[in-house]
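Please read the structure below before turning to the comments.
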Number of protein chains: 2
Amino acid sequence: MDLVFETLAEPNRRRILDLLREGERPAGDFVSALDISQPGVSRHLRILREADLVSVRQDGQRRLYRLNGARLARIDAWLAPYRRFWTDKLDALEDHLDRETPQ
Amino acid sequence: MDLVFETLAEPNRRRILDLLREGERPAGDFVSALDISQPGVSRHLRILREADLVSVRQDGQRRLYRLNGARLARIDAWLAPYRRFWTDKLDALEDHLDRETPQ
DNA sequence: AGGATATATATGTTGACGGTTATATAACGG
DNA sequence: CCGTTATATAACCGTCAACATATATATCCT
């Protein structure tokens, strides 16, 4: 399944990924960070797991979540052919600036 | 509003953007391409407009849609701090290969 | 074993979303 | 003007996603 975009559409899930950039974290961290109920967080974590955006490992009674960046490369790949649509704009701006202040 | 991710979650809308990479297109093009009704397409176009992902200009009785790449830069910006999470992997792979075939 | 803690699952409600059909608006051609 | 074409809006409907509460599971500790 390729539900990366759909998974990333949810703000709470993006927030979870943001937190995971700092490293492995137990599920409870997200509960205190996210202002939704514990089952709600658990549900989002399950969706992130199913989308293979995160992985888990057991650590005692906690479950430590880790970011799986590889999956985000798919977004990057989708974005690639669009990149010229804003880098071109930057190039044009640079050209403009070059002309405004020609050394 | 910053609903870029939410807007991109819908496959038909992504398809529309894909088609727009080739250049300006009238709304009718998407109707024949998308296998949903004309009003359905029109709705998606409105959402893309509201997300500022596309712009329109009148051309006789048609309306020509154009891609607005600048908005996608927001996705790119969000993605940026994650990039190391898969480029690191590639680096590691390269290191590994270097060791496997040293010279 | 039993209590406490951490996390997941079950269940039910609700609002938003995407689809359709019907209709309105607007521009063109005769 | 009138009919046609192109597109948007209105109204309605079914589905699904996200939330909460309640409960189950699993692990730790004593």
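All figures in this text were calculated on a predicted structure; none of them were measured in a lab. Here is the naming used below: chain letters follow the sequence lines, and residue numbers restart at 1 for every chain.
B/F30 comes within 4.0 angstrom of no nucleic acid atom, judged by non-hydrogen atoms across all strands. Among the atoms of the strands shown, only primed sugar atoms or phosphate atoms (P, OP1, OP2) are found under 4.0 Å from some heavy atom of A/P26. Nucleic acid contact class of A/G40 (heavy atoms, under 4.0 Å, all strands): none. The residue B/R46 sits close only to the backbone: its heavy atoms come under 4.0 Å of sugar-phosphate atoms, none of a base.
Between B/D59 atom CG and C/dA27 atom P the separation is 12 Å, expressed in whole Å. A straight line from CD1 of A/I36 to C1' of D/dA17 spans 12 Å, rounded to a whole angstrom. Taking atom CZ of residue A/R25 and atom P of nucleotide C/dA6, one finds them 16 Å apart after rounding to whole Å. Rounded to an integer number of Å, the gap from CD of B/E50 to P of C/dC17 is 11 Å. The nearest whole Å value for the distance from the CG atom in B/L3 to the P atom in C/dC17 is 9 Å. Protein atom CD1 of B/I47 is 14 Å distant from nucleotide atom P of C/dA16, rounded to whole Å. Distance CD (B/E6) to P (D/dA18): 10 Å, rounded to an integer number of Å. Between the CZ atom of B/R43 and the C1' atom of D/dC12 there is a distance of 11 Å, given to the nearest Å.
Of the side-chain N and O atoms in B/R13, one or more sit less than 4.0 angstrom from OP1 or OP2 of C/dG18. Contact annotation: A/H44 does not reach the phosphate of D/dA17 (side-chain N/O to OP1 or OP2, under 4.0 Å). At C/dA8, one or more side-chain N or O atoms of A/R63 fall inside 4.0 Å of OP1 or OP2 (strictly under the cut-off). Distances shorter than 4.0 Å separate some side-chain N or O of B/S37 from OP1 or OP2 on C/dT20. Phosphate proximity of D/dA6 to B/Y65: absent, as no side-chain N or O sits under 4.0 Å from OP1 or OP2.
Take the nearest nucleotide of DNA chain C for A/Q61 and for A/L45: the residue whose nucleotide is more 5' is A/Q61. Residue-to-nucleotide proximity on DNA chain D shows that, of A/N12 and B/R49, the 5′-proximal contact is made by B/R49. In this structure, A/D35 and A/G60 both approach DNA chain D, and ranking their closest nucleotides by distance from the 5' end singles out A/D35.
No side-chain heavy atom of A/Y82 sits under 4.5 Å from any side-chain heavy atom of B/D76.
For A/R14 and B/F5, the positive end sits near the middle of the six-membered ring, less than 6.0 Å away and at most 45° from its axis. In this structure, A/R21 fails the cation-pi test against B/F85, since its NZ or CZ atom is not both closer than 6.0 Å to the six-membered ring centre and inside 45 degrees of the ring normal.
Judged by distance alone, with hydrogens and angles left aside, the side-chain atoms of B/S42 form no donor-acceptor pair with the main-chain N or O of B/Q38 at under 3.5 Å.
In the set C/dA22, D/dC19, D/dA22, D/dC19 carries the atom at the smallest distance from any side-chain atom of A/E10. With C/dG19, D/dA22, C/dA27 as the choices, the nucleotide that has an atom nearest any side-chain atom of B/Q58 turns out to be C/dA27.
For C/dA8, its base sits under 3.5 Å from the side chain of A/Q38 at one donor and acceptor pair at least.
Annotation: the span from B/R66 atom CZ to B/R57 atom CZ amounts to 6.5 Å, rounded to 0.5 Å.
Under the side-chain contact (heavy atoms from CB on, under 4.5 Å) test applied with A/Y65, the options A/R25, A/E24, A/R49 reduce to a single match, A/R49.
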